[in-house]
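Structure record follows, encoded as structure tokens.
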Amino acid sequence: MSVSGDGDDSDIGTVSTTVLGYPRIGRARELKVATEAYWAGRIDAAELERTGAALRAQVWTELAGAGLDAVPSNTFSFYDHVLDAAVLFDAVPDRYRGVASAAARPGRSLELDVCFAMARGGAGLPSLEMASWFDTNYHYLVPELDQDTRLRLAGRKPEREFTEARALGLDTRPVLVGPLTFLLLARASTVAAAGFTPLDLLDDLVAAYADLLGRLAAAGATWVQLDEPALARDLSERELVGLRRAYTALAAVPARPKLLVSTCFGEIGAALPVLASVGVEAIGLDFVAAPGNLAALAGIGGIGRTTIVAGLVDGRNVWRTNLPAALSTCVPLLGLAGDLVVSTSCSLLHVPLDLTLERGLEAALADRMAFARQKVEEVVLLGRALREDLPAVSAQLTGAESRRTAVLAGLVDDGVRARVASVSGDGPGRVAREIRAGAQTRALGLPVLPTTTIGSFPQTTAIRAARASWRGGEIAEAAYIRAMENEIDQLIALQEDIGLDVLVHGEPERNDMVQYFAEQLAGCAATEHGWVQSYGSRYVRPPILFGDVSRPAPMTVRWVSYAQSRTQRPVKGTLTGPVTMLACSFVRNDQALAETARQVALALRDEIDDLQAAGVRIIQVDEPAIQVLLPLRQAGWKEYMDWAAGVFRLATSSADAETQIHAHLCYAEFGDVVAAIGDLDADVTSVEAARSRMKLVADLRRTGRHRAIGPGVYDVHSPRVPTVAEMEEALQLALDVIEPARLWVNPDCGLKTRGYAAVEPALRNMVAAAGRVRAALPASSRTGSELRGV
Ligand code: GLN
Ligand code: ZN
């Protein structure tokens, strides 16, 4: 029985194939081009819809043509699939409904405009919040719910797309985020009653899903896939009870399609026996991120005649599958479930579309890799190996295996290995914090409440044009360097004029904070077309961290030391930290992440040594993604935070006492990582705080960490210019828990996505706010303190 199609379940124990989801952005990023054109008013809704339909048709025909037995639908989205579910079930906060009148213009679509307003805000309307999709770099929009939200089936998208595929002769399996995950990802709105939790709305939501199942059955769907990745997190008793209630109710819907409840990203623990007993026809388990799912399955004695959809091909990394190993996982599975469906570990949304588009990769590296299209081929091959006789496909299996293990130069670098092995623990370790603080106070001579920025300044069209012409070979390197230095000259002058205390060079030379470093490290490769959706129309091309990492030559020293040569004030160098490098790349899977992180840390330490030698006295290591890799279950947190903080310390371990090390963290649900701040052993830490209105102050009070800290006072995600008064107020709030000698003044994050028109007045206001707060401090805390920088 395949997870779509005719649903003939007379033949038990069959093997078939599917994938849980597929990239939707198009080979030439058609989705981005079209949505941005629609936002700019260059194309109308009808044309946008035509592009959407063409992209969907391409995916369906490609998947069916590759030989998959079952093809998913409704994995397409113009922006985000969680947002689509919110709109489908009418979880639309009132403030967005007003968009209706504005949208009632010819060529616009109300449904799309409400959706885009929730995603992007506009006209004084903030967008919904965004958050990482579990431990991936995909970001979804967080639904906002409260006791007045009336969840109901309010749209037809899944049905429409199912019917659209039918017209192409394809019976697909509509995919939706499942009800439990939807509610666990949602948050209570600001007007929610005390004690309200989104889970309170479970029964309404399940009723809406039941309606949807009826509609999909009437349209002809035989299977529906409900994604429940939230089951890989720790669930409370109440949540487990909710899971049982939801699926017992959905299983009881009369004349419904069969249900596949798919999970991914980790072991589902206590949710497994629940799912096995509620009467759904298929359960999806990830055997890549969570091999332990196999033992758990055996532990409950199997799932009877329920179909197992086995995630055997890694849906979120770019390496070929070890097919013989995957086949041996299938053998015990055949005895623990009814039918077996070979699949990906999660949606292929997280990998680039097609490896054959890449021309620049070294042959042996490309041999070892698989993007979405190649992963589909692997699934199909595994299905054939299990279904037909193995000899028929053995040549293909052998071929695939020899490519997967192709000899690759740079995979092992004995020098790097020996060096990592020779460093015990986190390196030599810096002198005590108090000694460093005194040395830095004397060396830097900063005022109390020093002002600074996080590193990047606006990436102007001139900067981008210079970079593009240099890369395209139109201007010589010397001319490019002059253009960047010119940029730095202007920026240093501007920062001095604004009155900032610690300056930066502005990062004009960096296309991207991860890619810029990856391009210069040995053991890393870049792709030309390896785009992956990060959120909405923002796509990234993650570097491929395939081999032992080292730093052949200085990466940032030229620019930072040039900037320092132009001013008497200290210039802070900025580097991307080891964990963020890993979190934003596709990383080799033949050794532990922590091991690769140590290699990256040593490469950064070399850079810090060179910056120091060049006279740079403040160095900031950015770890905005430290939280992305936080394990989904709390049981793994300590081990993770230990090595994450350890590699930060290793990277900064050779900094002299006088060199001030800053850590920059952002995007953080700060409570989760606040405890780790001390473990980083940085001299100063800056964090995002303005966007969450200084919520972090409460976290700091809770944990009682009193280190030098710069809670952001300027929300850089908004084009608005913050006023002096509001930043002054934010600083006063911070002073409630942070001593004046330990408080820094800075924006939430880098300024590269903003324009100078907003950045300049905002920074002037920030410096003015710092000045006013300084002036109001008691005289004793206004003078230089030995504590500053502690
Ligand atoms: N230094 C980087 C910048 O300013 C930090 C970016 C980040 O934290 N995401 O752009
Ligand atoms: Zn940041």
Side-chain angles (χ1 to χ4, degrees), residues 130-132 137 139 451-460 463-464 467 487-488 491 495 500 502-518 534-535 538 540 542 555-556 559-560 563 571-585 604 607-608 611 616 618-629 644 648 651-652 660-670 673-674 677 680 682 684-692 696 709-718 744-756 758-759 762-763 766:
M130 213 161 54
S132 301
N137 268 317
H139 299 78
T451 53
T452 190
T453 60
I454 303 305
S456 61
F457 268 73
Q459 285 264 327
T460 59
I463 293 176
R464 277 195 281 261
R467 196 163 51 229
E487 194 61 47
I488 292 171
L491 187 60
Q495 293 175 90
L500 288 156
V502 172
L503 313 191
V504 293
H505 81 288
E507 306 180 11
E509 77 289 5
R510 300 187 194 171
N511 42 357
D512 173 276
M513 68 180 295
V514 172
Q515 204 174 344
Y516 178 78
F517 290 94
S534 170
Y535 64 89
R538 187 175 153 81
V540 292
M555 304 183 284
T556 66
W559 310 115
V560 183
V571 172
K572 172 173 72 173
T574 51
L575 303 172
T576 300
V579 176
T580 299
M581 288 297 299
L582 299 194
C584 301
S585 305
L604 290 171
E607 186 71 10
I608 290 178
L611 282 169
V616 178
I618 305 185
I619 299 166
Q620 172 181 301
V621 178
D622 295 326
E623 284 289 26
I626 203 157
Q627 194 190 318
V628 174
L629 293 186
F648 187 98
T652 55
Q660 191 168 64
I661 296 291
H662 289 218
H664 171 66
L665 309 170
C666 61
Y667 310 130
E669 267 303 315
F670 199 65
V673 289
V674 72
I677 286 190
L680 300 180
V684 180
T685 306
S686 62
V687 292
E688 179 181 299
R691 195 147 61 135
S692 54
L696 117 118
I709 189 154
V713 292
Y714 162 15
D715 173 5
V716 304
H717 295 93
S718 159
W744 280 66
V745 182
N746 48 259
D748 269 356
C749 194
L751 303 167
K752 70 165 169 258
T753 57
R754 299 267 70 95
Y756 274 105
V759 161
L763 291 178
M766 186 183 88

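The basis for the numbers below is simple: all heavy atoms, side chains too, and nothing from hydrogens, waters or symmetry mates. The first residue in the sequence is number 1, and the count goes up from there. Counting convention: from 1, in listed order, for ligands and their atoms alike.
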Inset, instruction - Name the option, out of Gln620, Met513, Glu688, that contains the heavy atom nearest to atom 9 (N) of ligand 1. - result: Met513

Inset, instruction - Taking only heavy atoms of Asp622 into account, list the atoms of ligand 1 that are under 4.0 Å away from them. - result: 1 (N), 2 (C), 5 (C)

Legend entry - salt bridge (Lys or Arg N to Asp or Glu O under 4.0 Å) involving Glu623 - partner list, sequence neighbours excluded: none

Legend entry - Gly750: numbered ligand 1 atoms lying under 4.0 Å from its heavy atoms: 3 (C), 4 (O), 10 (O)

Inset, instruction - Before signing off on this row, confirm whether Leu751 and ligand 1 have an N or O atom pair separated by under 3.5 Å. - result: no

Legend entry - Residue portion contacting ligand 1 (non-hydrogen atoms closer than 4.0 Å) for Cys666: side chain

Legend entry - No-hydrogen, no-angle side-chain donor-acceptor test under 3.5 Å, Gln660 and His662: yes

Legend entry - Non-hydrogen atoms of Leu611 and Thr556 that approach each other most closely: CD2-OG1, 3.8 Å

Legend entry - Sub-4.5 Å side-chain heavy-atom contact between Leu503 and Leu500: yes

Legend entry - Polar atom proximity, Thr574 to ligand 1 (N or O, under 3.5 Å): no

Legend entry - Distance filter under 4.0 Å to Gly455 heavy atoms, resulting ligand 1 atoms: 4 (O)

Inset, instruction - Please name all residues satisfying side chain to side chain donor-acceptor pair (under 3.5 Å) with Ser686, sequence neighbours left out, ordered by chain then number. - result: His664

Legend entry - Nearest heavy-atom neighbours spanning Thr452 and Val502: OG1-O, 3.0 Å

Inset, instruction - Enumerate the atoms of ligand 1 whose separation from the nearest heavy atom of His664 is less than 4.0 angstrom. - result: 8 (O)

